[in-house]
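Because the structure is a prediction, the values reported are computed rather than measured. Whatever order the structure lists ligands and atoms in, that order sets their numbers, starting from 1.
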Amino acid sequence: MIEVHDLSKRYGDKTAVDHLTFSVAPGRITGFLGPNGAGKSTTMRLILGLDRPNSGTATIGGIPYTALREPLRKVGALLEARAIHTGRSAYNHLWCLAQSQGLPRTRVDESLALVGLTEVARKRAGGFSLGMGQRLGIAAALLGDPQVLILDEPVNGLDPEGVLWIRNLMQSLAAAGKTVFVSSHLMSEMSQTAEHLIVIGRGRLIADESVEAIIARSSGQSVLVRTPQPAQLTKELERTNGSGTPVTVTTAADGALLVRGMTAPEIGEKASAARVVLHELTPQRASLEEAFMELTRDSVEYHTDAPSQDAPPPPAPESEAAE
Ligand SMILES: Nc1ncnc2c1ncn2[C@@H]1O[C@H](COP(=O)(O)OP(=O)(O)OP(=O)(O)O)[C@@H](O)[C@H]1O
């Protein structure tokens, strides 16, 4: 269990982490999500005792990282900037780390096997591809068979096979009861990996809930309705405006209606009461990317007009074509 309480970190007049409080439970993958510059890496560094907070606490199993005895046996971490001695072989890199923590040589072999690097263990780590380097970083994190894993953007720059491999590995570690805390700035990636999400923006907590709950809460939710009496139904549905959530009805190019602000059962009942025939009534789920954009809209640090490769895509325009 990782516990962060009222954690803050400033760099000069820049507040990177702003009174964050959350906990990360064992036995599941918890995604740590936020736009670029949201404060994810800083928070992870604070949890790992690599930086000192201006206020608040971060503990692992109730103990600050810096007070842990044999930390590699308790916590494994993969940070974005990896420090690997490039002249050493993968085997020697891990063996040096193992010796520093009193871990047996068998753990080096086991970790190499776990990440699929046994064949290249004697090769210089400096010649490794990005994916192999990432695997070596994960082998180092797994060396002490720790209960808690903290992984900062582990899929960055990996090919689809590497992404799938890391996802499966994290899932098996969580299934074995470990605490897996993994950061990303991509909602689509997290949605396929994590069960629970902690979302931050500008250093502040935005959401701490299940992936499902985040999508369900998104006001991007709408219902697709097909009816031979669209004008009549639109009038009936908009009649409810003024009480509670506003209802909006837009017409798609093929004549279908897209209704926001009402659930499918509510629309069905309204239609029935008004004797309007329905041919289709389908709840549309907001995409995760939309839910994320909506959550973090006010906290994206650098807005640009042109979409960059790193930034999540801009929200779809409110046109029928985008629905
Ligand atoms: N050592 C530092 N000195 C000054 N500012 C810093 C330092 N480290 C981080 N920051 C600033 O703190 C904010 C949070 O940065 P951080 O790297 O934690 O964000 P992040 O969510 O991990 O972003 P990304 O997804 O881009 O890696 C940013 O505005 C960053 O510029």
Q: Are Arg226 and Asp254 close enough for a salt bridge, meaning some N to O gap below 4.0 Å?
A: yes
Q: Any heavy atom of Glu153 closer to ligand 1 than 4.0 angstrom?
A: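 Contact check Glu153 vs ligand 1: positive.
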Q: May I ask you to check whether Tyr11 and Asp51 show a side-chain donor-acceptor distance below 3.5 Å?
A: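 The criterion, which ignores hydrogens and geometry beyond distance, is satisfied for Asp51 and Tyr11.
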Q: Should Gly34 be listed as contacting ligand 1, given a heavy-atom distance under 4.0 Å as the test?
A: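 No, Gly34 has no heavy atom closer than 4.0 Å to ligand 1.
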Q: Using a strict cut-off of 4.0 Å, indicate which atoms of ligand 1 neighbour a heavy atom of Asn36.
A: 23 (O), 24 (P), 25 (O), 26 (O)
Q: Can you list the atoms of ligand 1 that are under 4.0 Å from a heavy atom of Lys14?
A: 29 (O)
Q: Closest heavy-atom contact between Val277 and Pro228?
A: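 Taking Val277 first and Pro228 second, the nearest heavy atoms are O-CD, 3.3 Å.
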Q: Is a side-chain donor-acceptor pair under 3.5 Å present for Asp6 with Thr21?
A: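 Thr21 vs Asp6: no donor-acceptor pair found between side chains.
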Q: Check whether any N or O atom of Ala16, backbone or side chain, sits under 3.5 Å from an N or O atom of ligand 1, and answer yes or no.
A: no
Q: Dump the intermediate steps for side-chain hydrogen bond (donor to acceptor under 3.5 Å, both in side chains) on Glu238 and Thr234, then the final yes or no.
A: CA-CA 6 Å; Glu238 287 180 344; Thr234 302; over 6 Å; no
